[in-house]
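Being a predicted model, the structure only gives us computed values, none of them experimental. A note on names: the letters A, B, ... follow the listed sequences, proteins ahead of strands, and every chain is numbered from 1.
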Amino acid sequence: MFAEIIVDIKISCENQCFDYEIPTNLVSFLKKGMGVIVPFGTKNNYRLGYVLNIKKQSSFATKQIVEILTRTLFINDELFLIADKMLETPFVTKTIVYKTIIPFVFLFSYKKKVNIQQENLVPSEIKIYLQKKKYHLSLKDPLFDNPLFKQLIKQQSLQIMNIIQAKNKPKKSFLYSLQLENLQNSNLTTKEKNFIQQFQKQLKNYNTKKELLKFASSHIINKLLQKKILNKTKQNIVEPSTNLSPFIWEWFPDIPLTVLQNYIWKQINCTFCQTYLLVYEEYKDKMAIYLKLIVENIKQKKQTLILLPEIILIQPLVTCIKKILPNLKIAVLHHKLNNESYLEQNEQIKNQQVHLVIGSRSAIFVPFHQLGGIIIDEEHDESLIEKEKTPFYDTRELAQVRAVFHHIPLILTSRTPSLESVYQIQKKKYQLLLFPVTPKISNIQLIDMKEELKKGNFEPFSDILFQNLKKAIKNKQKTLLFINAKGFSSFLLCSLCSYVFKCRRCQQNMTWFLHKNILKCRFCHHTENFSKKCFRCQQTSIRAVSFGIEYIEKILKEKFFSAKIIRLDSDTIRNNKKYEKILTIFRQKDIDILLGTEMIAKNLTIPSIYLVGIITADILLNTPTFKASEKTFQLLTKITKYNNYSNPIVIQSYNTQHYALQTILNYDLKTFYQKALQERKLSQNPPFWFVSKILISHNNFFKSSQIATNIKEHLRNYHKQEIKVFGPSVTNIKKKNNLYRFLLILKYKEWPLNLNFITEKKLQQDAYLLFDRFANII
DNA sequence: AGCACGCCGACT
DNA sequence: GTCGGCGTGCTC
């Protein structure tokens, strides 16, 4: 018998699986999905591998599997199904797929064990160094660069062995205690003295760093460590994951539902695989259904999985659920966790120590014992699609695979569902759960900025928005202003020689950032210093034709110099903590205006807002993608919700007749979806057609162009019926990592798409191919 | 990852 | 003529 194995080697050799013979004593034990140790390469170093398949014949196998790692499966049947789904995408390789779905790979590390063969030949400094490292060296240990050390290995005075080691060693941490005898002969600052007092009063003799940080900053703690007043001692903390306490399925109170919520809930069949689209208007309705599902699953001793598009949304949801079900055990998983916490959470889920898992898209790969239901929140959000690294995948699609496997419901939730999902309702693939939309007495004022121009108002604010702003500031009421343009201006023109500032690399308009005083290309991130002089005629005659968030900030400061303004965009924020901090400041302090880009729409609630202003909705409407109207509608729905429709909302646009804006006025979901779907059908775009692109990268410009043309020709000759091809065109980012990138755009009606002929006929030659199923381009 | 192989420049 | 540096390609 033979096994098909992916070996844990660098991703660069990603296409192959390796065949190994299964030794007779292991044949009855070895199963598909297990981890094994195999000899690999000329030196037969031991490497870790995962069994993908067991077969009777192999024309390649020359070596035997050494041993089985553990009896538990690393990849179970369910994960194999998910992998198969991901492998439907052309050019995606098995290795890269399995590496994304089993983060357990991190469990192991490769080390070199050094045995001294000839004591007398090894110099003492090397001996001491080895002793310090306990004769285990990491692969990149500097000692391997030492010429003497190299020679000792060559002459076999030292023997090197490869070992595979489990990575989840017990976490090391330190305990801190006071050394009062050192207190007398040292000068202390008042802050340090205060801290020591606090320590004596409120803390135990030994404390973790976390406890100390409640009373002092890490700076002070470090200072005191230097002065030897604080002492730290090592301590091995017992991992919570090693404590396999049996899970108790406690009793949880029933969730009371309103008549309407109950009506919706009754339509969900918990023992049947069905995708539901839950369209809600009020947050509390959605939460009621979520909580009900969680509690019902617990009654059946099953776990629930909730997926969110953004990491920042996780904590608020956890808090909200804990408020109602304080005893609920929740695991949080997302792609920014470090390996240790990821493994810890994973263990807990596997050992049935949590009722609920909340995570971002990557949590879709978490193995469950008894999964009772999957919820995907904000299902329209594009962040649910992984597009940062291959393999690209749509979380909703993979969730469906899991739902089928477990025979459980999959609930997609949104106030403004994606057009794809609405289309699935029409095709009767999904079931609609609709909280009836209540018609509103609209407070939204849609301002035609063309009229303002005619009146002679060239400011970014219309009269009405300006008056409302004035009133809000006077009455100390909070305002939210939204503009979807970064920087100061994204269109700079020399008024003397009509030179337009374009990116040297990709010929797109450069955006001027006022504070950093740079020009930056929003496509390839090429950055240049900006001297406010025209590159061509060297005159200071630059005119900003369009305006961005920095421009608005400047105007606001000029017009309302007493107002306190806080800005929130991806340039002022580096991480989620900063995001929360800005929102907290806005909530607590007397900030008048919150000015933000698309980022402000990521959060759930920004309370106590009086006025909502949207400056130029056109920027959204005119982004070059077929998703423009959908995105506009979704974003504006979210932003206009912030003041609960009870207070003034002003939307400014040059194109007031666009259906996405007209339907926003009275929150007319039905008309919007009707018109948007019609538009997509006419333009042959999703959900009626699949739009994808093939990216061809090669370090030779002509060769990559040639390959692109060859692929196109082949598609035209043999697949003219099913696939429309556009291109090849050079991408915006012309040159990245010294690779020239060409792209072909494909439109087709059937998925999965079989493009095997490209790799079979080696049309790609030595170019790198990437298939992007979720292309947003027109 | 880690090793072999091959090409090229520098030095016996 | 050979030694070693680095770039490339293969490992069941």
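Ranking B:dA4, B:dG2, C:dC12 by closeness to the A:T42 side chain, first place goes to B:dA4. The nucleotide whose nearest atom lies closest to any side-chain atom of A:F18 is, among C:dT11, B:dA4, B:dG2, C:dT11. Distance from the side chain of A:I9 is smallest to C:dT11 among B:dG2, C:dT11, C:dC12.
The CZ atom of A:R47 sits 19 Å away from the P atom of C:dC10 (whole-angstrom rounding). For the pair A:K63 NZ and C:dC10 P, the computed distance is 16 Å after rounding to whole Å. For A:L48 and C:dC12, the CG to P distance is 16 Å, given to the nearest whole Å. In this structure, the NZ atom of A:K112 is 5 Å from the P atom of B:dG2, given to the nearest Å. If you measure from atom CG of A:N53 to atom C1' of C:dC12, you get 14 Å, rounded to the nearest angstrom. In this structure, A:N45 places its CG atom 9 Å from C1' of B:dC3, rounding to the nearest Å. With rounding to whole Å, A:D19 atom CG is found 13 Å from C:dT11 atom C1'. Taking atom NZ of A:K43 as the reference point, atom P of C:dC10 lies 20 Å away to the nearest angstrom.
For the pair A:K387 and A:F774, the cation-pi test (distance below 6.0 Å, angle within 45°) is failed.
A:H714 and A:F757 have parallel rings, their planes meeting at less than 30° on a 0 to 90° scale where 60° marks the start of perpendicular.
With A:S157 as reference, A:Q118 is the one residue of A:Q117, A:E119, A:Q118 to meet the side chain to side chain donor-acceptor pair (under 3.5 Å) rule.
Aromatic pair A:Y98/A:F365: ring centres not closer than 6.0 Å.
The residue A:F40 sits close to a base: some heavy atom pair falls under 4.0 Å.
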